[in-house]
Amino acid sequence: MNNQIIRWGIIGTGRIARAFAEGLRYTNNGKLCATASRNLEKARVFAQEWNIPYAFGTYEEIAQSDEVDAVYIATPHSAHAENAILCMRNQKAVLCEKPFAVNAKEVETMIRVSKEENVLLMEGMWSRFPPLMNELRDWLKEGKLGEIRTLHADFGFLPKIKDPDGRLFNLELAGGSLLDLGIYPVSLASMVLGKPTDLQTLANMGNTGVDEQAAWIFRYSNGALAVLLSSLECETRQEAFIAGSIGNVRIHKQCWKPQKMTFTETNSEKSETIEMPFEGNGFNYEAESFASLLLEGKKESPIMPLDESLQIMQQMDEIRKEWPLTYPMDSK
Ligand SMILES: NC(=O)c1ccc[n+]([C@@H]2O[C@H](COP(=O)([O-])OP(=O)(O)OC[C@H]3O[C@@H](n4cnc5c(N)ncnc54)[C@H](OP(=O)(O)O)[C@@H]3O)[C@@H](O)[C@H]2O)c1
(Lines give C-alpha, C1' and ligand atoms only; values in the text may rest on other atoms or scores of the structure.)
Protein backbone atom coordinates (compact mmCIF):
# COMPACT_ATOMS: atom_id res chain seq x y z
CA MET A 1 0.00 0.00 0.00
CA ASN A 2 1.46 3.40 -0.84
CA ASN A 3 0.58 6.42 1.29
CA GLN A 4 -2.38 7.63 -0.71
CA ILE A 5 -4.03 4.84 -2.62
CA ILE A 6 -5.66 1.59 -1.51
CA ARG A 7 -5.47 -1.33 -3.92
CA TRP A 8 -8.91 -2.94 -3.92
CA GLY A 9 -9.91 -6.48 -4.79
CA ILE A 10 -13.50 -7.70 -5.22
CA ILE A 11 -14.78 -11.20 -4.42
CA GLY A 12 -17.85 -12.14 -6.46
CA THR A 13 -18.82 -10.85 -9.90
CA GLY A 14 -22.56 -10.26 -9.48
CA ARG A 15 -24.82 -7.25 -9.45
CA ILE A 16 -23.41 -5.42 -6.46
CA ALA A 17 -19.79 -6.13 -7.37
CA ARG A 18 -20.49 -4.09 -10.52
CA ALA A 19 -22.11 -1.29 -8.52
CA PHE A 20 -19.08 -1.14 -6.22
CA ALA A 21 -16.66 -1.12 -9.16
CA GLU A 22 -18.62 1.81 -10.58
CA GLY A 23 -18.56 3.57 -7.18
CA LEU A 24 -14.77 3.23 -6.96
CA ARG A 25 -14.46 5.42 -10.05
CA TYR A 26 -15.65 8.33 -7.93
CA THR A 27 -13.14 7.85 -5.09
CA ASN A 28 -9.74 9.46 -4.90
CA ASN A 29 -8.04 7.12 -2.44
CA GLY A 30 -8.56 3.71 -4.04
CA LYS A 31 -8.15 1.83 -7.28
CA LEU A 32 -9.53 -1.49 -8.39
CA CYS A 33 -6.65 -3.93 -8.89
CA ALA A 34 -8.09 -7.45 -8.78
CA THR A 35 -11.24 -9.49 -9.02
CA ALA A 36 -11.98 -13.08 -8.05
CA SER A 37 -14.69 -15.46 -9.13
CA ARG A 38 -15.29 -19.15 -8.58
CA ASN A 39 -14.83 -19.35 -12.34
CA LEU A 40 -11.73 -17.88 -14.02
CA GLU A 41 -13.55 -17.01 -17.23
CA LYS A 42 -16.12 -14.96 -15.29
CA ALA A 43 -13.31 -13.17 -13.45
CA ARG A 44 -11.63 -12.37 -16.77
CA VAL A 45 -14.83 -10.98 -18.27
CA PHE A 46 -15.39 -8.82 -15.18
CA ALA A 47 -11.75 -7.67 -15.24
CA GLN A 48 -12.01 -6.70 -18.89
CA GLU A 49 -15.27 -4.84 -18.31
CA TRP A 50 -13.74 -2.74 -15.51
CA ASN A 51 -10.18 -2.58 -16.76
CA ILE A 52 -8.77 -4.52 -13.79
CA PRO A 53 -5.20 -5.84 -14.05
CA TYR A 54 -5.58 -9.12 -12.08
CA ALA A 55 -8.31 -11.77 -12.44
CA PHE A 56 -8.37 -14.89 -10.24
CA GLY A 57 -10.36 -18.10 -10.62
CA THR A 58 -10.52 -18.82 -6.88
CA TYR A 59 -11.19 -16.68 -3.83
CA GLU A 60 -8.05 -18.09 -2.15
CA GLU A 61 -5.84 -16.51 -4.82
CA ILE A 62 -7.14 -12.98 -4.30
CA ALA A 63 -6.84 -13.39 -0.52
CA GLN A 64 -3.18 -14.41 -0.95
CA SER A 65 -2.33 -11.84 -3.63
CA ASP A 66 0.35 -9.22 -2.92
CA GLU A 67 -1.41 -6.89 -5.36
CA VAL A 68 -4.32 -6.21 -3.00
CA ASP A 69 -4.65 -4.28 0.31
CA ALA A 70 -8.40 -4.50 0.87
CA VAL A 71 -11.11 -6.86 -0.29
CA TYR A 72 -14.76 -5.99 -0.85
CA ILE A 73 -16.95 -9.07 -0.37
CA ALA A 74 -19.92 -9.19 -2.75
CA THR A 75 -21.11 -12.79 -2.41
CA PRO A 76 -24.45 -14.07 -1.02
CA HIS A 77 -24.95 -13.63 2.74
CA SER A 78 -24.27 -17.33 3.34
CA ALA A 79 -20.66 -16.90 2.14
CA HIS A 80 -19.76 -13.61 3.88
CA ALA A 81 -18.22 -15.04 7.06
CA GLU A 82 -16.12 -17.66 5.25
CA ASN A 83 -14.90 -15.19 2.59
CA ALA A 84 -14.13 -12.46 5.15
CA ILE A 85 -12.18 -14.84 7.38
CA LEU A 86 -10.19 -16.18 4.42
CA CYS A 87 -9.13 -12.62 3.52
CA MET A 88 -8.38 -11.52 7.07
CA ARG A 89 -6.26 -14.64 7.71
CA ASN A 90 -4.21 -13.44 4.74
CA GLN A 91 -3.79 -9.96 6.24
CA LYS A 92 -6.30 -8.22 4.02
CA ALA A 93 -8.57 -5.46 5.24
CA VAL A 94 -12.21 -6.45 4.65
CA LEU A 95 -15.28 -4.46 3.66
CA CYS A 96 -18.09 -7.04 3.72
CA GLU A 97 -21.53 -6.44 2.20
CA LYS A 98 -24.63 -6.27 4.38
CA PRO A 99 -25.90 -8.25 6.20
CA PHE A 100 -22.47 -8.73 7.78
CA ALA A 101 -23.14 -12.49 8.04
CA VAL A 102 -26.08 -14.84 8.61
CA ASN A 103 -26.14 -14.82 12.41
CA ALA A 104 -24.43 -13.31 15.45
CA LYS A 105 -22.25 -16.38 15.98
CA GLU A 106 -20.64 -15.84 12.56
CA VAL A 107 -20.18 -12.12 13.26
CA GLU A 108 -18.50 -12.90 16.60
CA THR A 109 -16.01 -15.13 14.80
CA MET A 110 -15.33 -12.48 12.14
CA ILE A 111 -14.67 -9.86 14.83
CA ARG A 112 -12.41 -12.24 16.76
CA VAL A 113 -10.37 -12.97 13.62
CA SER A 114 -10.06 -9.23 12.83
CA LYS A 115 -8.57 -8.71 16.32
CA GLU A 116 -6.27 -11.74 16.06
CA GLU A 117 -4.96 -10.57 12.68
CA ASN A 118 -5.10 -6.87 13.62
CA VAL A 119 -6.83 -5.93 10.36
CA LEU A 120 -9.55 -3.41 9.48
CA LEU A 121 -13.01 -4.96 9.20
CA MET A 122 -16.29 -3.17 8.42
CA GLU A 123 -19.86 -4.06 7.47
CA GLY A 124 -20.72 -2.52 4.10
CA MET A 125 -23.83 -0.71 5.32
CA TRP A 126 -23.48 1.86 2.56
CA SER A 127 -26.59 3.84 3.65
CA ARG A 128 -24.66 5.27 6.60
CA PHE A 129 -22.02 7.02 4.51
CA PRO A 130 -23.70 9.51 2.13
CA PRO A 131 -23.41 13.22 3.10
CA LEU A 132 -27.11 13.42 4.04
CA MET A 133 -26.52 10.91 6.83
CA ASN A 134 -23.69 13.02 8.27
CA GLU A 135 -26.20 15.88 8.40
CA LEU A 136 -28.81 13.67 10.08
CA ARG A 137 -26.30 12.48 12.69
CA ASP A 138 -25.43 16.15 13.39
CA TRP A 139 -29.13 16.98 13.85
CA LEU A 140 -29.57 14.06 16.24
CA LYS A 141 -26.46 15.01 18.21
CA GLU A 142 -27.51 18.63 18.61
CA GLY A 143 -31.03 17.59 19.68
CA LYS A 144 -32.84 19.26 16.78
CA LEU A 145 -35.68 16.70 17.04
CA GLY A 146 -35.79 16.62 20.85
CA GLU A 147 -36.20 13.21 22.46
CA ILE A 148 -36.91 10.60 19.78
CA ARG A 149 -40.16 8.77 20.51
CA THR A 150 -40.98 6.84 17.32
CA LEU A 151 -39.23 5.69 14.18
CA HIS A 152 -40.92 4.15 11.12
CA ALA A 153 -38.91 2.62 8.29
CA ASP A 154 -39.65 0.11 5.56
CA PHE A 155 -37.98 -1.49 2.60
CA GLY A 156 -40.04 -3.62 0.25
CA PHE A 157 -39.75 -4.36 -3.45
CA LEU A 158 -41.23 -6.93 -5.81
CA PRO A 159 -38.56 -8.92 -7.66
CA LYS A 160 -39.31 -9.23 -11.39
CA ILE A 161 -38.67 -12.99 -11.24
CA LYS A 162 -39.21 -15.14 -8.19
CA ASP A 163 -36.27 -17.53 -8.59
CA PRO A 164 -36.39 -20.19 -5.85
CA ASP A 165 -32.66 -20.86 -6.39
CA GLY A 166 -31.60 -17.20 -6.43
CA ARG A 167 -30.16 -15.64 -3.29
CA LEU A 168 -33.37 -13.75 -2.36
CA PHE A 169 -35.52 -16.87 -1.86
CA ASN A 170 -33.04 -19.72 -1.40
CA LEU A 171 -32.79 -20.93 2.20
CA GLU A 172 -29.30 -22.35 1.54
CA LEU A 173 -28.10 -18.84 0.58
CA ALA A 174 -29.80 -17.30 3.66
CA GLY A 175 -32.55 -15.70 1.57
CA GLY A 176 -35.58 -13.82 2.87
CA SER A 177 -36.72 -10.23 3.24
CA LEU A 178 -35.34 -9.59 6.74
CA LEU A 179 -31.68 -10.31 6.04
CA ASP A 180 -31.66 -8.72 2.62
CA LEU A 181 -33.91 -5.67 3.10
CA GLY A 182 -34.92 -5.54 6.77
CA ILE A 183 -31.28 -4.95 7.69
CA TYR A 184 -31.67 -1.33 6.49
CA PRO A 185 -34.52 -0.37 8.87
CA VAL A 186 -32.83 -2.33 11.70
CA SER A 187 -29.55 -0.52 11.10
CA LEU A 188 -31.24 2.90 10.94
CA ALA A 189 -33.14 2.22 14.18
CA SER A 190 -29.88 1.14 15.81
CA MET A 191 -28.13 4.33 14.70
CA VAL A 192 -30.95 6.54 15.99
CA LEU A 193 -32.25 4.70 19.06
CA GLY A 194 -29.55 2.21 20.07
CA LYS A 195 -30.29 -1.23 21.43
CA PRO A 196 -33.94 -2.27 21.95
CA THR A 197 -35.18 -3.98 25.07
CA ASP A 198 -38.33 -5.67 23.62
CA LEU A 199 -39.52 -7.06 20.33
CA GLN A 200 -42.80 -8.14 18.69
CA THR A 201 -42.88 -9.55 15.16
CA LEU A 202 -44.89 -11.35 12.45
CA ALA A 203 -43.76 -12.82 9.12
CA ASN A 204 -45.17 -14.56 6.03
CA MET A 205 -43.09 -17.59 5.24
CA GLY A 206 -42.97 -18.53 1.53
CA ASN A 207 -42.77 -21.95 -0.04
CA THR A 208 -38.96 -21.94 -0.16
CA GLY A 209 -38.97 -21.61 3.63
CA VAL A 210 -37.82 -18.00 3.93
CA ASP A 211 -39.71 -14.88 5.06
CA GLU A 212 -41.22 -13.05 2.11
CA GLN A 213 -42.67 -10.25 4.22
CA ALA A 214 -42.08 -9.31 7.83
CA ALA A 215 -42.89 -6.58 10.30
CA TRP A 216 -41.51 -5.99 13.75
CA ILE A 217 -41.67 -3.45 16.53
CA PHE A 218 -38.74 -2.65 18.81
CA ARG A 219 -39.26 -0.94 22.16
CA TYR A 220 -36.44 0.89 23.91
CA SER A 221 -35.75 1.46 27.60
CA ASN A 222 -37.18 5.02 27.47
CA GLY A 223 -40.42 3.79 25.87
CA ALA A 224 -39.53 4.86 22.33
CA LEU A 225 -40.86 2.56 19.59
CA ALA A 226 -39.51 1.61 16.15
CA VAL A 227 -42.06 0.16 13.69
CA LEU A 228 -40.20 -1.58 10.88
CA LEU A 229 -41.03 -3.65 7.80
CA SER A 230 -39.41 -5.59 4.98
CA SER A 231 -41.09 -7.16 1.95
CA LEU A 232 -40.38 -9.19 -1.16
CA GLU A 233 -44.14 -9.18 -1.93
CA CYS A 234 -44.64 -5.54 -2.92
CA GLU A 235 -42.95 -2.21 -3.34
CA THR A 236 -43.41 -0.23 -0.14
CA ARG A 237 -42.91 3.47 0.53
CA GLN A 238 -39.20 2.95 1.26
CA GLU A 239 -39.21 5.93 3.57
CA ALA A 240 -38.16 6.59 7.13
CA PHE A 241 -39.85 8.89 9.61
CA ILE A 242 -38.19 9.83 12.89
CA ALA A 243 -40.36 11.74 15.34
CA GLY A 244 -39.20 13.53 18.47
CA SER A 245 -40.57 15.93 21.07
CA ILE A 246 -39.43 19.02 19.13
CA GLY A 247 -39.78 17.90 15.53
CA ASN A 248 -39.65 15.12 12.99
CA VAL A 249 -37.59 14.10 10.00
CA ARG A 250 -38.84 12.33 6.92
CA ILE A 251 -36.13 10.61 4.90
CA HIS A 252 -37.65 10.49 1.44
CA LYS A 253 -37.77 7.50 -0.92
CA GLN A 254 -35.42 5.65 -1.16
CA CYS A 255 -34.41 6.03 2.47
CA TRP A 256 -31.79 3.29 2.11
CA LYS A 257 -30.17 5.46 -0.56
CA PRO A 258 -30.57 8.70 1.39
CA GLN A 259 -30.42 11.94 -0.57
CA LYS A 260 -33.37 14.04 0.64
CA MET A 261 -34.95 14.73 4.03
CA THR A 262 -37.50 17.13 5.47
CA PHE A 263 -37.49 18.47 9.00
CA THR A 264 -40.81 19.72 10.40
CA GLU A 265 -41.20 21.39 13.77
CA THR A 266 -43.86 19.91 16.05
CA ASN A 267 -47.22 21.78 15.95
CA SER A 268 -45.89 24.12 13.31
CA GLU A 269 -46.02 24.68 9.57
CA LYS A 270 -42.29 25.34 9.63
CA SER A 271 -40.36 22.84 7.58
CA GLU A 272 -36.99 22.57 5.90
CA THR A 273 -36.04 20.21 3.08
CA ILE A 274 -32.45 19.30 2.40
CA GLU A 275 -31.28 17.59 -0.77
CA MET A 276 -27.81 16.14 -1.11
CA PRO A 277 -27.66 14.21 -4.37
CA PHE A 278 -24.98 11.55 -4.70
CA GLU A 279 -21.80 12.28 -6.53
CA GLY A 280 -21.23 8.89 -8.11
CA ASN A 281 -23.58 6.00 -7.37
CA GLY A 282 -23.32 6.18 -3.56
CA PHE A 283 -20.97 3.25 -3.04
CA ASN A 284 -18.09 5.70 -3.35
CA TYR A 285 -18.87 7.13 0.11
CA GLU A 286 -18.39 3.90 2.05
CA ALA A 287 -15.39 2.93 -0.14
CA GLU A 288 -13.71 6.26 0.45
CA SER A 289 -14.41 6.20 4.18
CA PHE A 290 -13.04 2.65 4.45
CA ALA A 291 -9.90 3.49 2.46
CA SER A 292 -9.26 6.55 4.68
CA LEU A 293 -9.47 4.36 7.78
CA LEU A 294 -7.04 1.90 6.26
CA LEU A 295 -4.61 4.65 5.27
CA GLU A 296 -4.80 5.99 8.84
CA GLY A 297 -4.05 2.54 10.28
CA LYS A 298 -7.48 2.23 11.95
CA LYS A 299 -9.01 -1.20 12.59
CA GLU A 300 -12.65 -0.21 12.86
CA SER A 301 -15.08 2.45 11.63
CA PRO A 302 -16.66 4.98 14.03
CA ILE A 303 -19.64 5.24 11.64
CA MET A 304 -20.27 1.48 11.48
CA PRO A 305 -18.57 0.03 14.60
CA LEU A 306 -18.09 -3.72 15.00
CA ASP A 307 -19.97 -3.90 18.31
CA GLU A 308 -22.94 -2.31 16.64
CA SER A 309 -22.80 -4.69 13.65
CA LEU A 310 -22.84 -7.53 16.18
CA GLN A 311 -25.78 -6.04 18.08
CA ILE A 312 -27.69 -5.61 14.82
CA MET A 313 -27.12 -9.24 13.91
CA GLN A 314 -28.25 -10.29 17.40
CA GLN A 315 -31.47 -8.35 16.83
CA MET A 316 -31.99 -10.14 13.50
CA ASP A 317 -31.40 -13.49 15.25
CA GLU A 318 -34.04 -12.56 17.85
CA ILE A 319 -36.58 -11.60 15.19
CA ARG A 320 -36.06 -14.87 13.29
CA LYS A 321 -36.32 -16.89 16.51
CA GLU A 322 -39.88 -15.61 16.99
CA TRP A 323 -41.21 -16.88 13.62
CA PRO A 324 -39.19 -19.26 13.73
CA LEU A 325 -36.75 -19.34 10.77
CA THR A 326 -33.43 -21.15 10.89
CA TYR A 327 -30.76 -21.34 8.20
CA PRO A 328 -28.36 -24.25 7.63
CA MET A 329 -25.53 -21.97 8.90
CA ASP A 330 -27.24 -21.63 12.31
CA SER A 331 -26.37 -25.20 13.26
CA LYS A 332 -22.68 -24.94 12.27
N1 LIG B 1 -25.48 -2.49 -0.69
C2 LIG B 1 -26.48 -2.74 -1.48
O3 LIG B 1 -27.23 -1.88 -1.91
C4 LIG B 1 -26.72 -4.13 -1.91
C5 LIG B 1 -27.61 -4.37 -2.96
C6 LIG B 1 -27.75 -5.67 -3.39
C7 LIG B 1 -27.06 -6.68 -2.75
N8 LIG B 1 -26.23 -6.42 -1.71
C9 LIG B 1 -25.53 -7.49 -1.01
O10 LIG B 1 -24.48 -7.97 -1.84
C11 LIG B 1 -24.39 -9.37 -1.75
C12 LIG B 1 -24.42 -9.93 -3.17
O13 LIG B 1 -25.62 -9.57 -3.79
P14 LIG B 1 -25.79 -9.51 -5.39
O15 LIG B 1 -27.13 -8.93 -5.64
O16 LIG B 1 -24.62 -8.91 -6.02
O17 LIG B 1 -25.83 -11.08 -5.71
P18 LIG B 1 -25.52 -11.80 -7.09
O19 LIG B 1 -25.77 -10.90 -8.24
O20 LIG B 1 -26.20 -13.11 -7.02
O21 LIG B 1 -23.94 -12.05 -7.03
C22 LIG B 1 -23.35 -12.79 -6.00
C23 LIG B 1 -21.98 -13.29 -6.47
O24 LIG B 1 -21.45 -14.09 -5.43
C25 LIG B 1 -20.68 -15.15 -5.97
N26 LIG B 1 -21.07 -16.38 -5.26
C27 LIG B 1 -20.30 -17.05 -4.36
N28 LIG B 1 -20.95 -18.12 -3.88
C29 LIG B 1 -22.14 -18.16 -4.50
C30 LIG B 1 -23.24 -19.06 -4.45
N31 LIG B 1 -23.24 -20.13 -3.66
N32 LIG B 1 -24.32 -18.79 -5.22
C33 LIG B 1 -24.35 -17.72 -6.01
N34 LIG B 1 -23.33 -16.84 -6.13
C35 LIG B 1 -22.23 -17.05 -5.38
C36 LIG B 1 -20.94 -15.19 -7.46
O37 LIG B 1 -19.76 -14.74 -8.09
P38 LIG B 1 -18.75 -15.73 -8.79
O39 LIG B 1 -19.61 -16.79 -9.45
O40 LIG B 1 -18.05 -14.85 -9.74
O41 LIG B 1 -17.85 -16.33 -7.76
C42 LIG B 1 -22.06 -14.20 -7.71
O43 LIG B 1 -21.88 -13.46 -8.87
C44 LIG B 1 -25.52 -9.84 -0.85
O45 LIG B 1 -25.04 -10.15 0.43
C46 LIG B 1 -26.45 -8.65 -0.77
O47 LIG B 1 -27.08 -8.48 0.49
C48 LIG B 1 -26.06 -5.17 -1.30
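In listed order, ligands and their atoms are each counted from 1. What's counted below: heavy atoms across the whole structure, side chains too, no hydrogens, waters or symmetry copies. Computed from a predicted structure; not experimentally measured.
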**Report entry** Derivation and outcome, salt bridge (charged side-chain N to carboxylate O under 4.0 Å, His left out), residues E147 and R149
**Finding:** CA-CA 6 Å; E147 189 189 5; R149 302 305 300 155; 3.3 Å; yes
Requested in this report: Could you pull out every protein residue that has a heavy atom closer than 4.0 Å to ligand 1, ordered by chain and then number?
Outcome: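 These residues qualify: G12, T13, G14, R15, I16, S37, R38, K42, Y59, A74, T75, P76, H77, H80, E97, K98, P99, W126, R167, L173, D180, Y184, F283.
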Query raised in the report: Can you check whether L325's main-chain N or O pairs, donor with acceptor, with R320's side chain at less than 3.5 Å?
Result: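 Yes, because the side chain of R320 sits within donor-acceptor range (under 3.5 Å) of the backbone of L325.
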Query raised in the report: Between E212 and M205, is there a donor-acceptor pair closer than 3.5 Å when you use the side chain of the first and the backbone of the second?
Result: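 Such a contact is absent between E212 side chain and M205 backbone.
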Report task. Please state whether the rings of F20 and Y72 are parallel, tilted or perpendicular, taking 30° and 60° as the class boundaries. Result ->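 Geometry flag for Y72 against F20: parallel rings.
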Query raised in the report: Cut-off 3.5 Å, side chains only: do S230 and S177 have a donor facing an acceptor?
Result: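 Checked: S230/S177 side chains pair up, N/O donor to acceptor below 3.5 Å.
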Query raised in the report: Cut-off 3.5 Å, side chains only: do S187 and R128 have a donor facing an acceptor?
Result: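 Yes, a side-chain donor-acceptor pair sits under 3.5 Å.
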